[in-house]
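Structure, as structure tokens:
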Amino acid sequence: MPRNVEVKARVHNWAHTLKECKNLSESTGEIIAQRDVFFNTQCGRLKLRDFKDGQGQLIYYERPDLLGPKLSNYAISNTADPQGLEEVLTQALGIRGSVVKERLLFLVGQTRIHMDRVQDLGDFVELEVVLTDSQTPDDGQHIANNLMKSLGIAPEDLLTGAYVDLLQKDKGK
């Protein structure tokens with residue numbers, strides 16, 4: 001199963017973080033519209049990502065809900081029929097929640113940096129350090145920590161869980 005080390009944090013100054021991402025990646029980033037539908041599961045998280053262009057991905061992942069860099073094991077299957085797959089999975093498992101976002105993707109070495117504007121939630125940055133077979137989670141944490149410093153991510157901005165968890169927590173208030 002592929003692995004990465006992930007970090008999720010709130011963004012308080014979008015313009016500053018965007019500028020740093022552009023500098024680090026030496027690019028303007030790629031804009032990706034996404035709708036993620038999370039399904040009920042006994043363990044881990046299962047989501048269907050609809051890119052709103054007829055393409056999608058079914059993603060299963062296991063990741064602890066901890067602050068800071070954490071190891072995530074995942075599996076991805078591409079689909080050319082995200083709507084049809086959503087109907088089947090909804091009937092089989094039921095929907096836990098959905099997340100609509102606009103993502104700016106930047107690549108820095110082996111790390112995917114996502115600047116996300118999440119509907120009804122706010123602005124966030126995610127780091128995904130994709131590990132090679134020979135790398136340890138500690139190697140990924142080291143890379144993530146360096147990028148966190150470069151981007152000015154403070155410990156109090158770090159988040160646990162997934163966007164769907166935050167949305168459900170907000171709805172519970």
Side-chain angles (χ1 to χ4, degrees), residues 1-38 45 47-61 63 65-78 82 98-167:
M1 199 178 243
R3 309 168 299 144
N4 62 29
V5 171
E6 295 187 18
V7 173
K8 187 186 310 275
R10 280 204 184 273
V11 170
H12 298 287
N13 185 334
W14 182 268
H16 171 75
T17 305
L18 178 60
K19 179 182 172 192
E20 292 303 317
C21 286
K22 287 179 177 180
N23 288 340
L24 288 168
S25 69
E26 299 177 348
S27 76
T28 57
E30 177 186 354
I31 298 173
I32 307 169
Q34 298 178 349
R35 177 176 168 266
D36 292 344
V37 178
F38 286 78
R45 291 184 178 94
K47 67 182 174 185
L48 177 63
R49 174 162 291 157
D50 187 342
F51 292 109
K52 301 184 179 186
D53 65 356
Q55 299 298 308
Q57 294 178 323
L58 185 63
I59 304 167
Y60 173 76
Y61 64 99
R63 178 186 70 214
D65 290 335
L66 302 171
L67 291 174
K70 54 202 147 277
L71 182 65
S72 176
N73 295 298
Y74 62 94
I76 298 175
S77 179
N78 294 320
S98 64
V99 175
V100 177
K101 65 184 174 263
E102 181 176 275
R103 170 167 282 175
L104 267 169
L105 168 65
F106 299 92
L107 300 176
V108 178
Q110 69 193 79
T111 304
R112 297 168 56 92
I113 301 175
H114 305 146
M115 287 194 64
D116 292 336
R117 289 216 142 132
V118 182
Q119 185 177 304
D120 299 325
L121 203 56
D123 296 338
F124 300 86
V125 63
E126 285 185 345
L127 307 177
E128 292 182 350
V129 182
V130 180
L131 299 176
T132 65
D133 290 340
S134 64
Q135 287 180 305
T136 67
D138 286 341
D139 295 331
Q141 287 181 356
H142 179 73
I143 294 167
N145 286 331
N146 286 337
L147 283 169
M148 287 169 56
K149 287 178 191 169
S150 296
L151 293 171
I153 298 173
E156 59 269 17
D157 296 329
L158 296 174
L159 300 170
T160 63
Y163 295 136
V164 70
D165 301 322
L166 296 172
L167 284 166

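The stretch residues 15-26 participates, sequence neighbours left out, in no salt bridge (Lys or Arg N to Asp or Glu O under 4.0 Å) pair at all. For residues 133-152, no residue pair satisfies the salt bridge (Lys or Arg N to Asp or Glu O under 4.0 Å) rule, not counting sequence neighbours.
When atom types are taken as modelled, the side chain of N146 and the backbone of I143 share no donor-acceptor pair closer than 3.5 angstrom. The main-chain N or O of D50 is never found under 3.5 Å from a side-chain atom of K52 such that the two would form a donor-acceptor pair.
Below 30°, between 30° and 60°, or above 60°: for Y163 and F124 the angle between ring planes is between 30° and 60°, a tilted geometry.
Looking at W14 and L104, their side chains come closer than 4.5 Å, going by heavy atoms from C-beta outward. You'll find the side chain of S25 stays beyond 4.5 Å of the side chain of I113, heavy atoms only. Residues V99 and L121 have side chains not in contact (no heavy-atom distance under 4.5 Å, counting atoms from C-beta outward). For the pair V164 and D36, the minimum side-chain heavy-atom distance is 4.5 Å or more. Using a 4.5 Å heavy-atom threshold, the side chains of M148 and P69 count as touching. Side-chain atoms of L18 and F106, non-hydrogen and from C-beta on, do get closer than 4.5 Å to each other. For the pair L131/L71, a side-chain contact is recorded, criterion being any heavy-atom separation below 4.5 Å from C-beta on. A 4.5 Å side-chain heavy-atom check between N78 and Q55 finds every atom pair outside the cut-off.
Once rounded to the nearest 0.5 Å, the distance linking CG of L151 with NE2 of H16 reads 7.5 Å. Rounded to the nearest 0.5 angstrom, E156 CD and L67 CG are separated by 11.0 Å. In this structure, OG1 on T160 lies 7.0 Å from NZ on K70, to the nearest 0.5 angstrom. Y60 OH to I76 CD1: the interatomic distance, rounded to the nearest 0.5 Å, is 14.0 Å. L127 contributes atom CG, which lies 10.5 Å from atom CG of N4 (distance to the nearest 0.5 angstrom). In this structure, CD on Q57 lies 9.0 Å from NZ on K47, to the nearest 0.5 angstrom.
The nearest pair of heavy atoms linking Q135 to V130 is OE1-O, 4.0 Å. The shortest non-hydrogen separation linking A9 to I153 is CB-CG2, 3.6 Å. Nearest heavy atoms, V7 versus A144: CG2-CB, 4.0 Å.
Note on D116 versus K8: no salt bridge recorded, every NZ/NE/NH1/NH2 to OD/OE distance being 4.0 Å or above. Between R10 and D157 there is no salt bridge, since no side-chain nitrogen of the basic residue lies less than 4.0 Å from a carboxylate oxygen of the acidic one.
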message: Evaluate F51 against Q34 for side-chain contact (heavy atoms from CB on, under 4.5 Å), listing each step before the verdict.
response: CA-CA 5 Å; F51 292 109; Q34 298 178 349; 3.7 Å; yes

field: salt bridge (charged side-chain N to carboxylate O under 4.0 Å, His left out) between D165 and R45, worked out
entry: CA-CA 11 Å; D165 301 322; R45 291 184 178 94; 2.6 Å; yes

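Applying the salt bridge (charged side-chain N to carboxylate O under 4.0 Å, His left out) rule to R117 yields the partners D123; only residues at least two apart in sequence or on another chain are considered.
Here the rule is salt bridge (Lys or Arg N to Asp or Glu O under 4.0 Å) with E126, and of R63, R103, R112, K101 only R103 fits it.
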